[in-house]
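Quick note: residue numbers are just sequence positions, from 1. Both ligands and their constituent atoms are indexed starting at 1 by order of listing. Keep in mind that what you see is a predicted model, and the values were worked out from it rather than measured.
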Amino acid sequence: MPVRRLVRGLRFQLTASYGLFFTLLLVVLAFILRGNLRSSINDQISESLTSDWAALKGYLKIERTDGIFKPNWYFDDEDVDENFIVSRLKSLYIITDEQGKVLQMSPNYEEQFGVDPVARITAVLKAPEPLFRDVIGKDGQPYKVRSGFVYNEMAKGENHQHKYYVAIGRSVAKNRELLQKFTWYCVSIIPLASLVGGLLGWITAGRALNPVMEVARTAQRISGSSLSMRIPLRGARDELDFLIATFNQMIGRLETSFTQIRQFSIDVSHELRTPITIIRGQLEVALFTAQTTEQYRDAIVSSLQDIERMSQIVRALLLLSQAETGQVVLQKSSLDLAAIVTDITEQFEIPAEGSGVKLSLSGADQPFMIEADRVQIERMLSNLLSNAVKFTPEGGQVNVRLRKRESNAELTVEDTGVGIPADHLPHIFDRFYRVSSPSSSASPEKGLGLGLSFVAWIAKAHGGSVKVESEPGKGTRFIILLPEGMLGEPGNERNLIATHS
Ligand code: ADP
């Protein structure tokens, strides 16, 4: 569903959170501003009423006239300012005595609030501070009223003053209107601003995500047959460029793996096709030309030899695949590596002698205990030794050396053979990899190209490593490190260092 996809989209979510945050910020800001405006308007009215009260005290006197106290206003009738102030004071006011009897009251005051109750009058007369009240008049408009008291004038000989309740008011409708206007401004501007903000967010998010979409589109075009494709870097050196570089590296690794797998399939087919062609040829020849039992027998024996080679390849491949996917469990036990090395080296004495190669062993005269799988360790040593003998011409030497190195057993198989060219060194542990140099092809026995793959896996599975150093024409040295008494984990990753000296 497109709406659902849109809502779940990163662009929408970014815009929504941006818009929400923006709106929230504006609302909070509006609330703070409104609060500030309200309190400053309030303060202003209170201050204005206080200064009115001070003016009132100058113009109003409660004096005894004809034996009773009456409020009188004294001001210059001709003075415009005084006239204005007094008329403003008298527009909304009340004066009562202590008992709440009204002495003077503006008609507007009576109309809006009526006479103040005696309880309030008594409370105000007793209170040390004036009382400010927010009142809604009978006209529905808001007012602020300040109430307090004044003393009467004292005549000669009098020593007691009475308190008189006075309240003056002011309409705050205009100020309230100002506050309402502000609220309305906010109510109409905030959604509009949020909308504009959201739109800006949508555009910005779109721009930011555009390159991501481009990466995705390119990634979609990459398939098994177009793994050489790379996403071009934008040159911004930002997070996205980092993502693209990482992605490209991943494609690179995939490409290498794909190439290896493809090469491997080609190699396997090739390896199996050759003996099949030979067997077929032999059997066809036997079928059409053989006449004696002896001839048939020869053809069958020769075919069986080739079939044996094929099964060897299949068995080795199966074992390697199982090993690399962690399906082969090592049967570890405590072994004397020195004894095994001595045994295997002795087994190679006859073939070495046959090839005119001198085989020597050192460092194996004392027991060297390690935790390992005997069968695999023997297989590893045999592979190394058979290669060393195979690739060393007559008159050469093969030395096997065992020694302790830190907490490892270091096993070196060194020969004075044909050596391996530097560009082949990183690949010699790959399955089916054989160096195709004239010198090595001249070697008498053609191998499967799987021996060193086993060596690498066995070293790795025992928690060790294998390293090769070689110089064409001078010789090769394989150095195996096996941790002492270790319990290595079999893994898929190879731990190889190929160096050329
Ligand atoms: P192979 O069955 O062909 O010996 P390996 O995996 O054991 O397969 O070796 C791979 C290739 O590495 C060999 O074909 C050979 O070219 C090269 N190689 C291995 N050991 C030596 C060595 N001691 N001296 C020279 N080349 C070697």
Side-chain angles (χ1 to χ4, degrees), residues 260 263-264 266-268 270-272 274-275 306 308-321 323-324 341 344-345 348 351-352 355-361 376-401 411-461 466-480 494 496-501:
Q260 275 175 0
Q263 189 56 44
F264 177 66
I266 295 169
D267 290 345
V268 173
H270 188 78
E271 286 304 318
L272 296 178
T274 316
D306 286 312
E308 180 51 32
R309 182 178 162 81
M310 275 191 346
S311 6
Q312 249 182 40
I313 295 176
V314 173
R315 268 202 309 274
L317 276 180
L318 192 68
L319 189 64
L320 256 184
S321 306
E324 285 178 1
V341 173
I344 304 291
T345 312
F348 275 88
S355 318
V357 174
K358 194 170 166 265
L359 188 60
S360 65
L361 168 67
Q376 304 302 349
I377 295 291
E378 284 177 354
R379 185 198 295 268
M380 180 175 79
L381 248 170
S382 299
N383 286 347
L384 287 175
L385 273 169
S386 92
N387 277 347
V389 173
K390 190 163 63 177
F391 296 104
T392 304
E394 210 178 330
Q397 279 189 15
V398 172
N399 298 313
V400 181
R401 191 176 66 226
L411 181 67
T412 312
V413 179
E414 195 175 5
D415 63 56
T416 58
V418 295
I420 304 163
D423 50 332
H424 291 281
L425 273 181
H427 307 289
I428 55 162
F429 296 98
D430 294 345
R431 283 178 284 197
F432 293 120
Y433 196 87
R434 280 168 299 202
V435 181
S436 54
S437 72
S439 45
S440 66
S441 65
S443 60
E445 200 188 313
K446 194 171 171 278
L448 297 179
L450 296 172
L452 287 181
S453 305
F454 273 112
V455 171
W457 168 72
I458 294 165
K460 165 79 182 151
V466 56
K467 189 171 146 186
V468 55
E469 297 166 359
S470 185
E471 203 174 331
K474 288 207 164 166
T476 307
R477 181 187 296 138
F478 284 92
I479 305 157
I480 308 275
R494 286 186 185 171
L496 313 173
I497 317 152
T499 46
H500 178 246
S501 59

Parallel, tilted or perpendicular, as decided by the 30° and 60° cut-offs, for the rings of Tyr433 and His424: tilted
For Asp306, the side chain to side chain donor-acceptor pair (under 3.5 Å) test, sequence neighbours excluded, returns none
For ligand 1, which atoms sit closer than 4.0 Å to a heavy atom of Ile420? 18 (N), 25 (C), 26 (N), 27 (C)
In terms of its nearest heavy atom to atom 11 (C) of ligand 1, the top option of Tyr433, Phe454, Phe478 is Tyr433
Under a heavy-atom criterion of less than 4.0 Å, does Gly449 contact ligand 1? yes
Can you sort out the partners of Ser382 under side chain to side chain donor-acceptor pair (under 3.5 Å), two or more places apart, ordered by chain and number? none
Near Leu450 (heavy-atom distance under 4.0 Å), the atoms of ligand 1 are 6 (O), 8 (O)
With a 4.0 Å cut-off on heavy atoms, is Lys390 touching ligand 1? yes
Tell me which one of Asn387, Leu384, Val413, Asp430 gets a heavy atom nearest to atom 19 (C) of ligand 1. Asn387
Would you indicate which of Val435, Asp415, Leu452, Asn383 comes nearest to atom 5 (P) of ligand 1 when only heavy atoms are counted? Leu452
If the threshold is 4.0 Å, N to carboxylate O, is there a salt bridge linking Arg315 and Glu308? yes
Rounding to 0.5 Å, atoms CD1 (Ile344) and CE (Met380) come to a distance of 10.5 Å
